[in-house]
Protein chains: 2
Amino acid sequence: MTKAEAREDAPIRTRDRDGTARAIVIAAREVLAEDGFQSFGVNAIARRAGCDKQLIYRYFGGLEGIADAIGELLGKEIKDALDHLPTAEAPPPASYAELMERQVLGLLELLRRSPLMRQINAWEVAAPSPLVSRLVVARSRQLLSWSKELRGTLPPPPGMDVSATNVVLFAAVQQLVLSAAAVGDYGAVPLRTEDDWDRMKKTLIRIVATLYREA
Amino acid sequence: MTKAEAREDAPIRTRDRDGTARAIVIAAREVLAEDGFQSFGVNAIARRAGCDKQLIYRYFGGLEGIADAIGELLGKEIKDALDHLPTAEAPPPASYAELMERQVLGLLELLRRSPLMRQINAWEVAAPSPLVSRLVVARSRQLLSWSKELRGTLPPPPGMDVSATNVVLFAAVQQLVLSAAAVGDYGAVPLRTEDDWDRMKKTLIRIVATLYREA
DNA sequence: AAGAAATATCACCGGCCGGTGACTTTTCGC
DNA sequence: GCGAAAAGTCACCGGCCGGTGATATTTCTT
């Protein structure tokens, strides 16, 4: 009655297609999250899933199918992470500045917690391919819906290019988290300990407050 | 009497070590800049340089040596690009805000113009390795000296975490240029045409002015 | 001109990759 | 129980990779 036990210590695996298919997707997710997109291939995935790579072709038609499956899994992962944010159950933001503060800090925490998302982002800019774009669309859709939901009917502040400004902040957060995960800092600013991140968050909060403050 | 003609249409190559060594470095630079770090290997470089890969080991001791050689070449490239910036011969910045505006826009143009630097940055966050760190140190040194030289003796504005704020802006620029080169936009904001970039520059200028304005 | 040294090329190795055809073992419908 | 279909395994292919030893060819020294 063991379910989809396919890895680690228990190599017993009953012969059910759905179970191994799920095991393959999980293994693929782990390979991508832990070893990076360079290792994202049929051999590595099958090895990790403890099955023959032939099954990958049979059940998913190749890496593309697996990428799509991970995409669905990613949607839930993002939703989950966002629901566990400290501000998840807080009242809706009262001002656009507060909205942006939540979005910026939310994205920061999400990326810090999810190596999978970091790898997808890194993959996207380092080696764009039709394969990764399947993952990107899943990510973008989820983030966009979160953003829309959080914004509600808040009017954007006038007199500025809001989209461009927002994008600058998001890009900064993304780059900072990627650099931190890869090398532990950005430039001369360390980004390792929780204190390092608190410092960075303080600065981000200040920046957001300054940029979007009401006239 | 032909010099270091090693590629393209003229396959004649006289037997001089320095010439072919130079040709190898140039080929390596091109491989990295055009095909990305995934293709940065002895086979691809030798193929492009039109010589045997054995010479790479003989003259450079392997990829590490080539990376170091590219590092030197990179220093000149950065210096060159910065000297051709529109503000290169302008008087020194009069305020910290102006200093940061120049640095932010300068970094943006530098990255936009240099696929090599973009590849190094992407490599750094996507697949950190001792190999790429050799290039990173060369880049960092050059950028740091430029930054110091430009700053002069300008006092930073009080009451804020200047380093953290600067780093946010630089990270944003880097991420925006990388995304633009890879997929042509960031999120929903297109970054393809010169008009797209002008819009982004305007926003960056506004952000810098707002963040560093004097009390 | 002869030999030494430098320059360059070639052939080969093991390893990993993506991909596929043929095979064995289990399960299921009857 | 039996046979077919499903689930899973194995062996193999060609290709590219990094790396190395042996060899050929040119140039330099004397």
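Just so we're on the same page: letters track the sequence lines, and every chain starts at 1.
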Hey, which of A/Arg141, A/Met117, A/Gln142 is the one that makes side-chain contact (heavy atoms from CB on, under 4.5 Å) with A/Leu74? A/Met117
Tell me yes or no: between the side chains of B/Asp52 and B/Tyr57, is some donor less than 3.5 Å from an acceptor? no
In whole angstrom, give the distance that lies between atom CD1 of B/Ile24 and atom P of C/dT7. 12 Å
Check the distance between D/dG19's P and B/Ile45's CD1 and give it to me in whole angstrom. 11 Å
Length of the line joining A/Asp16:CG and C/dC28:C1', which is rounded to integer Å: 14 Å
Which residue is it: B/Arg48, B/Arg118, B/Arg29? I am looking for the one with a salt bridge (Lys or Arg N to Asp or Glu O under 4.0 Å) to B/Glu34. B/Arg48
Separation of atom CZ in B/Phe60 from atom C1' in D/dT20, rounded to whole Å: 19 Å
Round to a whole Å and report the spacing from NZ of B/Lys53 to C1' of D/dT20. 9 Å
Tell me the interatomic distance from A/Asp52, atom CG, to C/dT25, atom C1', rounded to whole angstroms. 14 Å
From CZ of A/Phe40 across to P of C/dG18 the rounded distance in Å is 10 Å
Of the listed C/dT20, D/dC17, D/dA6, the closest approach to the B/Asn43 side chain comes from D/dC17
Residues pairing under salt bridge (Lys or Arg N to Asp or Glu O under 4.0 Å) where one sits in residues 99-108 of chain B, two or more places apart or in two chains, turn out to be B/Glu98-B/Arg102
Can you tell which of D/dT20, D/dT9, C/dC17 lies closest to the side chain of A/Arg58? D/dT9
Spacing between A/Gln38 atom CD and C/dC17 atom P, to the nearest angstrom: 12 Å
Ranking D/dC10, C/dT9, D/dG18 by distance to the side chain of A/Gln54, first place goes to D/dC10
Given DNA chain C, 5'-ward residue of the pair B/Leu55 and A/Gly62, judged by closest heavy atom: B/Leu55
With respect to the side chain of B/Tyr57, which nucleotide from C/dC17, D/dT9, D/dG19 is positioned closest? D/dG19
Where each residue is assigned the nucleotide of DNA chain C containing its nearest heavy atom, which of B/Arg17 and A/Ser39 is assigned the position nearer the 5′ end? B/Arg17
Counting only side-chain nitrogens and oxygens, does A/Thr20 get under 4.0 Å of the OP1 or OP2 atom of D/dG8? yes
Give me the ring orientation class for A/Tyr96 and A/Tyr212: parallel if the planes are under 30° apart, tilted from 30 to 60°, perpendicular past 60°. tilted
Of C/dC10, D/dT20, C/dA8, the nucleotide closest to the side chain of B/Tyr59 is C/dA8
